[in-house]
There are 2 protein chains.
Amino acid sequence: MVKVKKEAGAEQRILEAAKKVFMQKGLAGARMQDIADEAGINKAMLHYYFRSKDKLFEVIFKEAASNLFPKMVAIISEDISLFDKIRKFTKEYLEIVIENPYLPLFVLNEINKQPVNFHAKMFGAKPPDFSLLVKQIDSEVKKGIIKPISPVHLVMNMMSMCVFPFISKPMLQIVMHMDDLQFRYLMEQRKTEIANFIIDSIKK
Amino acid sequence: MVKVKKEAGAEQRILEAAKKVFMQKGLAGARMQDIADEAGINKAMLHYYFRSKDKLFEVIFKEAASNLFPKMVAIISEDISLFDKIRKFTKEYLEIVIENPYLPLFVLNEINKQPVNFHAKMFGAKPPDFSLLVKQIDSEVKKGIIKPISPVHLVMNMMSMCVFPFISKPMLQIVMHMDDLQFRYLMEQRKTEIANFIIDSIKK
DNA sequence: ATTAAATTTAACCATTTGGTTAATGCGAAG
DNA sequence: CTTCGCATTAACCAAATGGTTAAATTTAAT
């Protein structure tokens, strides 16, 4: 009868369970009962701590977004050379998504379904603004340090190569005949591979 | 009382409506009533023509996948030079997704939610196999035509840069301060931009 | 025109689902 | 020990939802 008490408080357990279920099934596909079961508590507790499904989802979503975006903002704002910035961004961003592989699809998917209000909901105070990086790229192009390239495309390319493999993991694994271990190993490689690929393309 | 008859048959209208609703809300988020309303017919018709929600979804999903993948397979199997293949793949693939911008997120999202059986369901006879392209890249590396690069990373990079912008369009538009027109224009540019970027990176 | 088959609809049904409530447990303060 | 407030649960509820059915309407064949 003695319940093992190593587990965290109810609220924390709910949050972890909700994260797991929402990430896997999305807002519409998740069932409150699933979350309660996953947390090992009564369903009414979900409403006791978080008023509604939407409210609970918003907490999870905000936490997910705050896990994804602030780091981006920090790095692109640093005062370092473009090549270093590319190396640092790709490496550190890969590290984040390797640890949270479900985050990107979760966030992007729900953004696309809720075309309204998510902006404020997502980045409370600090909307990531890549225009700084864009300006830096433009400047380096004009100074003749790198080949002429549209800064917007360069940023898009960089983000694409960092994030897309995680979004398309199941498809990639089929198309490229990979198991989970191989995939993980490839993602580790990409921490440096992406930057090299980009720099090789734009350096003179 | 005279009903205008310019509209297509019921079955076709259902398919179009289902595509629209499923694409926007996903399998779990879509309501049969939404689809019926969108098609302008009675809800029972959905079950008359397609037995269940799942069956209807499968039809839409298969059509979507068959719109996305066969072209990929065709191009990567062609007997042309690597650079030409990269140019052709990126250009033609961009053309497809520009016309169907919701397809990638729709397909990838549902794949991630249904980790089972989707393989057969998706590519009936022709599972796209990139190992041919991988071998071609490997061969060109060994022949010394291009810089040494992991073929798998190269293919990943190429696919990422083609598809990701469409998946992340709303986020990109915020982060990069773009409206729909600018986005569309950028995607047009990418038809050639991506290939140039890749080739610049790997050519000797 | 008559009949038979296919199509379409309104009403209905069973289940699922988010949410509520009232009672119970329980630990801390008095 | 009692009381009080927070935490927890089982039972319940109303709305939503996928699906069914039987009747009505249209279409096509004889």
Side-chain angles (χ1 to χ4, degrees), chain A residues 1-62 106 109-110 113-114 116-117 121, chain B residues 1-62 106 109-110 113-114 116-117 121:
Chain A
M1 276 303 139
V2 183
K3 202 91 169 277
V4 181
K5 266 306 208 52
K6 65 174 175 180
E7 335 198 18
E11 193 166 347
Q12 193 56 36
R13 295 237 305 280
I14 293 173
L15 283 172
E16 284 163 23
K19 182 176 176 181
K20 186 172 174 182
V21 175
F22 278 135
M23 292 264 181
Q24 202 181 314
K25 309 200 176 185
L27 169 57
R31 295 291 99 101
M32 294 297 267
Q33 191 61 59
D34 293 344
I35 298 175
D37 292 347
E38 178 74 32
I41 60 170
N42 189 285
K43 178 169 69 92
M45 295 287 283
L46 303 184
H47 295 93
Y48 180 76
Y49 283 105
F50 311 86
R51 297 188 38 94
S52 68
K53 187 188 185 186
D54 284 330
K55 289 269 175 35
L56 176 55
F57 180 82
E58 201 179 308
V59 173
I60 301 297
F61 184 81
K62 270 185 183 163
F106 172 70
N109 193 39
E110 299 302 331
K113 264 162 205 155
Q114 265 193 352
V116 218
N117 298 342
K121 205 170 276 182
Chain B
M1 273 301 142
V2 184
K3 201 90 169 275
V4 182
K5 265 305 207 52
K6 64 174 176 180
E7 335 199 19
E11 193 167 347
Q12 192 56 35
R13 295 236 306 278
I14 292 173
L15 283 173
E16 282 163 25
K19 181 177 176 181
K20 185 172 174 181
V21 175
F22 278 136
M23 291 264 181
Q24 200 182 316
K25 309 201 176 182
L27 170 56
R31 296 291 98 101
M32 292 298 266
Q33 190 62 59
D34 293 343
I35 298 174
D37 291 347
E38 178 74 31
I41 60 170
N42 189 285
K43 179 168 69 90
M45 295 287 283
L46 303 184
H47 295 92
Y48 180 76
Y49 283 104
F50 312 85
R51 294 186 43 89
S52 68
K53 188 187 185 186
D54 284 330
K55 290 267 175 34
L56 176 56
F57 180 81
E58 203 181 306
V59 173
I60 301 297
F61 184 80
K62 271 184 182 164
F106 172 70
N109 194 39
E110 299 301 331
K113 262 158 208 161
Q114 265 194 349
V116 217
N117 297 344
K121 206 171 274 182

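Bear in mind that the values here come from a model prediction, so they are computed numbers and not experimental data. First the proteins, then the strands, lettered A, B, ... as listed; each starts at 1.
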Would you say a side-chain N or O of Arg31(B) is under 4.0 Å from OP1 or OP2 of dA16(D)?
-> no
Roughly how many Å is it from CZ in Phe50(B) to P in dG18(D), rounded to a whole number?
-> 16 Å
Take atom NZ of Lys25(B) and atom C1' of dT17(D), then tell me their distance rounded to the nearest Å.
-> 13 Å
Within the structure shown, what part of the strands sits under 4.0 Å from Ala30(A) by heavy-atom distance: base, sugar-phosphate, or nothing?
-> sugar-phosphate
Could you give the distance from CZ (Phe61(B)) to NZ (Lys19(B)), rounded to the nearest 0.5 Å?
-> 13.5 Å
Establish, with yes or no, whether the OP1 or OP2 oxygen of dC6(D) is under 4.0 angstrom from a side-chain nitrogen or oxygen of Tyr48(A).
-> no
Nearest whole angstrom, please: distance from the P of dC26(C) to the CE of Met45(A).
-> 13 Å
Enter the distance from Lys43(B):NZ to Ile14(B):CD1 here, rounded to the nearest 0.5 Å.
-> 12.5 Å
Might you point out which heavy atoms bring Arg13(A) and Gly40(A) nearest each other, and give the distance in Å?
-> NH2-O, 3.6 Å
Atom CD1 of Ile41(B) and atom P of dT9(C) are separated, to the nearest Å, by 7 Å
Do Lys113(B) and Asn109(A) have side-chain heavy atoms sitting under 4.5 Å apart?
-> yes
When the distance from CZ of Phe57(B) to C1' of dG18(D) is rounded to whole Å, what number comes out?
-> 16 Å
Determine, for nucleotides 19-24 of chain D in 5'-to-3' order, which nucleotides have protein heavy atoms under 4.0 Å from the base (write B), from only the sugar-phosphate (write S), or from neither (write -).
-> BBB---
Roughly how many Å is it from CD in Gln33(B) to P in dT16(C), rounded to a whole number?
-> 20 Å
Are any non-hydrogen side-chain atoms of Arg31(A) and Lys25(A) less than 4.5 angstrom apart?
-> no
In whole Å, what is the span from the CG atom of Leu27(B) to the C1' atom of dG18(D)?
-> 12 Å
Do Lys62(A) and Glu58(A) meet the salt-bridge criterion of a basic N to acidic O distance under 4.0 Å?
-> yes
Global bending angle along the helix from dA1(C)-dT30(D) to dG30(C)-dC1(D), which compares the axes of five pairs at either end, to 10 degrees = 0°
Measure centre to centre between the rings of Phe106(B) and Phe22(B), then say whether the value is under 6.0 Å.
-> no
note: Leu46(B), atom CG; dT17(D), atom P; distance rounded to Å ~ 14 Å
Got Phe50(A) and Leu15(A) here, is their nearest side-chain heavy-atom distance under 4.5 Å?
-> yes
Lys53(B) side-chain N/O to Leu27(B) backbone N/O, donor-acceptor pair under 3.5 Å | yes
